[in-house]
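We count residues from 1, following the sequence as given.
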Amino acid sequence: MDILQSLLSGFATSLTFSNIFAALVGAGLGIVIGAIPGLGSVTGVALLLPLTFQMDPITGIIMLGAVYYGCMYGGSYSAIMLNIPGDAPAVVTALDGYPLSKNGQAGKALFTANISSFIGGTIGIIMLTFMGAALAKIGLMFGPAEVAALVILALCSIGWLLGDSPRKGLISTFIGIMLSMVGIGLAFGQPRFTFDSMYLLNGISFIPLVIGMFGFSQVLEMMVNRVDAAGLMTKLSLRESLLDRSEVRRIIPVSLRSGVLGNLVGILPGAGATTGSFLAYVLEKKVGRHGAEMGTGRIEGVAASEAGNNAAAAGSFAPLLSLGIPGSGTAAVLLGGLMMWGVQPGPMLFQNSPDFVWGLISSMYLGNVMAVLAALAIIPFLVKLLRVPPAFMIPVIAVVCVVGSYSVNNSMFDVWFMLGAGVIAFFMNVAKYPVAPLLLAFVLTPRLETSLRQALDISRGDPSIFLGSPIAATLLSITLLFILYPMISKLVKASIKKKQLAK
């Protein structure tokens, strides 16, 4: 009852004209920033943070919070429309979103992404409202050893679950791990695989890599298969893009379970929306009715990814507010903003600054509604973009790829690297090697390296720390089952066949 009263008082604080306007502006800016390849939520919040210092702290954090989950909405747009994920979590959305777009169902994919994002975000906010402190305590149970075990499980499952061939998926995963190792080592500060190039000292930038492998490779594919691209012009209409009742019923359960899982992942320090999006997709692929067809253009895949990443974004606020521990890169930027305003997150925040906390939580409900309304309003304009002839779309997408890559570091090296990555990805697609495992491994490996080094430092080099933790031991056992499953399955099938022949 106290929580509901506090929430109502928070709505009294947030439902003022200035705060509603801040939420609307933040959501709109977040959608635009999220849709632009090369920006993303971390960059968007960091760029807008100085603008909020002159605002009231509650209004400022409301605006930045709306930018954060607006970016989660917008990241899916370029992934679905152009096969260029706006940020890392949208890589998973592109697996089914772009095939839907190619089949003339871009509108359905966009509607699915927005509705699922809203459901996932709402689940995350509700869980934050009623279980924020408890969720933060769960997050504290995941130390470096547990996070390392979780990432190892994710890396081992990527190759098996994404793509038609586990062998090819594992090869792509291995390439992604190797690419992530380029640059100054996180543990000892020594250059690795830089080939004496100053451009590689900071490692390979994610944005040029993802733009090349998704965006520019798509330009090459459209140039080779122009008939398929032209088919979009005749297949697409807004009325046909609306979800019917049966399709809504298909995505609701997916969004609910993905939202719960994504929220639990979001509270883990450093896990972030990318991990939440991927694990939600994996869960749906394993337990969903149409899991075997995911990756070919299923709205369930889009729903799982978008609900997972939005719920994870909301979940990252639990450790931020309750413990002062950011659960993601964007939450770390928000933590800096809170400290600039003189607000110290931690266990006493709910007692010392209840107006601020509950004003923020209530504004998340408001911002989530604003974001979905703004996102749905944009869909008719986005749908019309696919009526543009391929002869115009190809150079436009190519320019977007070049500008997006150059804008990261203002370096032509990134542009050349993007072009090379696009050519490699094109031939990978021709040979049926999945690109998504490579990119996801590239994102997850630095987190694994950091957590692994921290765990070994804590134990003074004793690897038994991974077996002494029940959570880490359980996750590693599941990983071992993933590795041994093909062998066990093959032996069981051979035994059954032998018995049948004996009869």
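Put simply, the side chain of M181 reaches to within 4.5 Å of the side chain of E449, judged on heavy atoms. Y98 places none of its side-chain heavy atoms less than 4.5 Å from the side chain of V302. Contact of the I125 side chain with the F130 side chain is not registered, since no non-hydrogen atoms from C-beta on lie closer than 4.5 Å. Counting heavy atoms from C-beta outward, V254 and S116 have side chains that stay 4.5 Å or more apart. Using a 4.5 Å heavy-atom cutoff, the side chains of I80 and L100 are not in contact. Contact annotation: the side chain of L200 approaches that of F413 to within less than 4.5 Å [non-hydrogen atoms, C-beta and beyond]. Side chains of L261 and R257 form no contact here, defined as non-hydrogen atoms less than 4.5 Å apart. With a 4.5 Å cut-off on side-chain heavy atoms, I204 and F442 count as touching.
Looking at every heavy atom in both residues, G97 comes nearest to A109 through O-CB, 4.1 Å. In plain terms, the two heavy atoms of A455 and P144 that are nearest each other are N-CB, 3.7 Å. Across all non-hydrogen atoms, the minimal contact from G461 to P463 is O-CD, 3.2 Å. Here the shortest heavy-atom pairing between A303 and S255 reads CB-OG, 3.9 Å. For the residue pair A371 and I31, the shortest heavy atom distance occurs at O-CD1, 3.6 Å. Minimum heavy-atom separation, P208 to S405: CA-OG, 3.9 Å.
With rounding to the nearest 0.5 Å, the separation of OG in S451 from CD1 in I152 is 9.5 Å. The distance from the CG atom of N263 to the CG atom of N310 is 11.5 Å, given to the nearest 0.5 Å. Distance check: F193 CZ to M178 CE gives 4.5 Å after rounding to the nearest 0.5 Å. Atom CG of L279 and atom CG of L150 lie 6.0 Å apart (nearest 0.5 Å). Going from atom CG of L209 over to atom CG of D414 covers 10.5 Å, rounded to the nearest 0.5 Å. The CD1 atom of I62 sits 11.5 Å away from atom CD1 of I361, with the distance rounded to the nearest 0.5 Å.
Checking side-chain atoms of N114 against main-chain N and O of V372 turns up no donor-acceptor pair under 3.5 Å. Panel note: side chain D96, backbone R298; a donor-acceptor pair is recorded below 3.5 Å. Remark: side-chain polar atoms of K168 are paired, donor with acceptor, to backbone N or O of A431 under 3.5 angstrom. Using a distance-only test at 3.5 Å, with no hydrogens or angles considered, no donor-acceptor pair links the side chain of R192 to the main chain of V182.
With I177 as the partner, the side-chain contact (heavy atoms from CB on, under 4.5 Å) test is satisfied by one option alone out of T445, L448, L438: T445.
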(message) Between R249 and E300, does the salt bridge (charged side-chain N to carboxylate O under 4.0 Å, His left out) criterion hold? Intermediate values first, please.
(response) CA-CA 11 Å; R249 285 199 297 265; E300 290 87 350; over 6 Å; no
(message) Let's go through L283 and S258 carefully: what are the C-alpha distance in whole Å and the side-chain angles of both, what is the deciding distance for side-chain contact (heavy atoms from CB on, under 4.5 Å) to 0.1 Å, and is it a yes or a no?
(response) CA-CA 8 Å; L283 175 67; S258 298; 5.5 Å; no
(request) Report the C-alpha separation of N309 and Y281 in whole Å, then their side-chain angles, then the decisive distance to 0.1 Å, and conclude whether the side chain to side chain donor-acceptor pair (under 3.5 Å) test is met. (result) CA-CA 10 Å; N309 67 45; Y281 189 87; over 6 Å; no
(request) Could you give me the CA-CA distance, side-chain angles and deciding distance for L256 and V260, then say whether side-chain contact (heavy atoms from CB on, under 4.5 Å) is met? (result) CA-CA 6 Å; L256 292 175; V260 173; 5.9 Å; no
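E306 and T93 form a side-chain donor-acceptor contact under 3.5 Å, judged by distance and modelled atom types alone.
Enclosure of atom CZ in F174 is not indicated, since only 12 or fewer non-hydrogen atoms of other residues, nucleotides or ligands lie within 6.0 angstrom.
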